[in-house]
Amino acid sequence: MSRHDFQVSLADLPRTQGACTRFRIDAGFDEAIETGLVCLPARRLVAVDGTLESVGDGVLASAVARATLDAQCSRCLAPFTLDAEVDIQELFVYPEHQGEYEADEVTPIHNDTVDLADAVRDALILDQPLIAVCDPDCPGLCPVCGVDLNADPDHTHGDAVDSRWLTLSQWGKMS
């Protein structure tokens with residue numbers, strides 16, 4: 001995973017509590033992020049817009065990340081795209097205060113920069129649907145022969161014959 005693309009410098013942010021600055025990142029990950037039938041391909045851009053706010057012991061990053069994900073419908077197996085928009089809020093702590101937060105999971109500030117890569121990746125993974133469908137009304141595939149019912153909604157196999165009568169249904173066809 002590329003980490004430098006998601007870094008934001010704190011050089012212009014005063015350490016005064018309440019001081020804010022806005023940022024925008026357009027970056028991608030070196031490796032694909034996949035969960036089930038949903039994937040953010042490697043190097044596809046993720047747009048991250050947000051603010052950095054000084055909060056005493058560190059910096060609070062609040063942002064929205066937007067990306068287009070590739071997905072495969074769990075009903076009909078057709079590929080489709082899915083727009084993701086996730087909220088991110090992450091506390092970054094200055095190195096001199098990191099000892100005070102050992103019990104909490106906070107991210108340290110390194111070289112006067114914050115790295116949002118892990119927060120963006122985690123938020124995108126948690127936002128992906130467990131069951132991806134191309135359309136809420138997608139009928140899926142025929143359970144008998146596998147035909148895509150989106151392409152052929154009138155698809156039928158005729159009346160099913162009860163297996164107890166199968167031999168009798170072959171009566172006139174025997175010779």
How many angstroms lie between [atom1] in [X] and [atom2] in [Y], if you round to the nearest 0.5 Å?
X	Y	atom1	atom2	answer
Thr68	Leu40	OG1	CG	9.0 Å
Ile125	Glu34	CD1	CD	10.5 Å
His155	Asn150	NE2	CG	13.0 Å
Arg22	Glu53	CZ	CD	12.5 Å
Ser54	Leu13	OG	CG	3.5 Å
Gln7	Thr113	CD	OG1	4.5 Å

For the student: nearest non-hydrogen atoms of [X] and [Y], plus distance:
X	Y	answer
Leu141	Gly146	CD2-O, 3.7 Å
Ala11	Ser9	N-OG, 3.1 Å
Ala61	Phe92	CB-CE1, 3.8 Å
Asp148	Gly140	OD1-O, 3.6 Å
Ile88	Ala119	CG2-CB, 3.7 Å

So, is the end of the Arg15 side chain (NZ or CZ) under 6.0 Å from the ring centre of Tyr94 and within 45° of the ring's axis?
->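 Geometry flag: set, cation within 6.0 Å and 45°.
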Near Asn111 CG, under 6.0 Å, is it more than 12 heavy atoms from other residues, nucleotides or ligands?
->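 For Asn111, atom CG is not crowded (no more than 12 foreign heavy atoms under 6.0 Å).
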Do [X] and [Y] come close enough that some side-chain heavy atom pair is under 4.5 Å?
X	Y	value
Leu124	Arg121	no
Val114	Phe23	no
Cys76	Leu149	no
Thr81	Leu69	no
Leu10	Val59	yes
Val48	Val64	no
Val8	Leu52	yes
Ser62	Gln89	yes

Glu90 versus Thr107, side-chain donor and acceptor atoms under 3.5 Å =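 Yes - a donor-acceptor pair under 3.5 Å links their side chains.
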May I have the step-by-step check of side-chain contact (heavy atoms from CB on, under 4.5 Å) for Val120 and Phe29, ending in yes or no?
-> CA-CA 10 Å; Val120 170; Phe29 294 95; 4.0 Å; yes
Residues forming a salt bridge (charged side-chain N to carboxylate O under 4.0 Å, His left out) with Asp26, sequence neighbours excluded =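 Testing Asp26 for salt bridge (charged side-chain N to carboxylate O under 4.0 Å, His left out), a comparison that skips the adjacent residues, returns Arg24.
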With sequence neighbours excluded, tell me which residues meet side chain to side chain donor-acceptor pair (under 3.5 Å) with Glu85.
->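 Scan of Glu85 (side chain to side chain donor-acceptor pair (under 3.5 Å), adjacent residues dropped) gives Arg66.
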Cut-off 3.5 Å, no hydrogens considered: what does the side-chain donor-acceptor table look like for residues 127-136, sequence neighbours left out?
| unit_1 | atom_1 | unit_2 | atom_2 | d |
| --- | --- | --- | --- | --- |
| Gln128 | OE1 | Thr35 | OG1 | 2.0 |
| Asp135 | OD1 | Asp137 | N | 3.2 |

Trace of the side-chain contact (heavy atoms from CB on, under 4.5 Å) decision for Leu91 with Val55 | CA-CA 9 Å; Leu91 177 63; Val55 290; 3.7 Å; yes
Can Ile33 be reached from Leu37 by stepping across I, L, V, M, F, W or Y side chains whose heavy atoms are under 4.5 Å apart?
->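 As far as the 4.5 Å side-chain criterion goes, Ile33 and Leu37 are not connected within one cluster.
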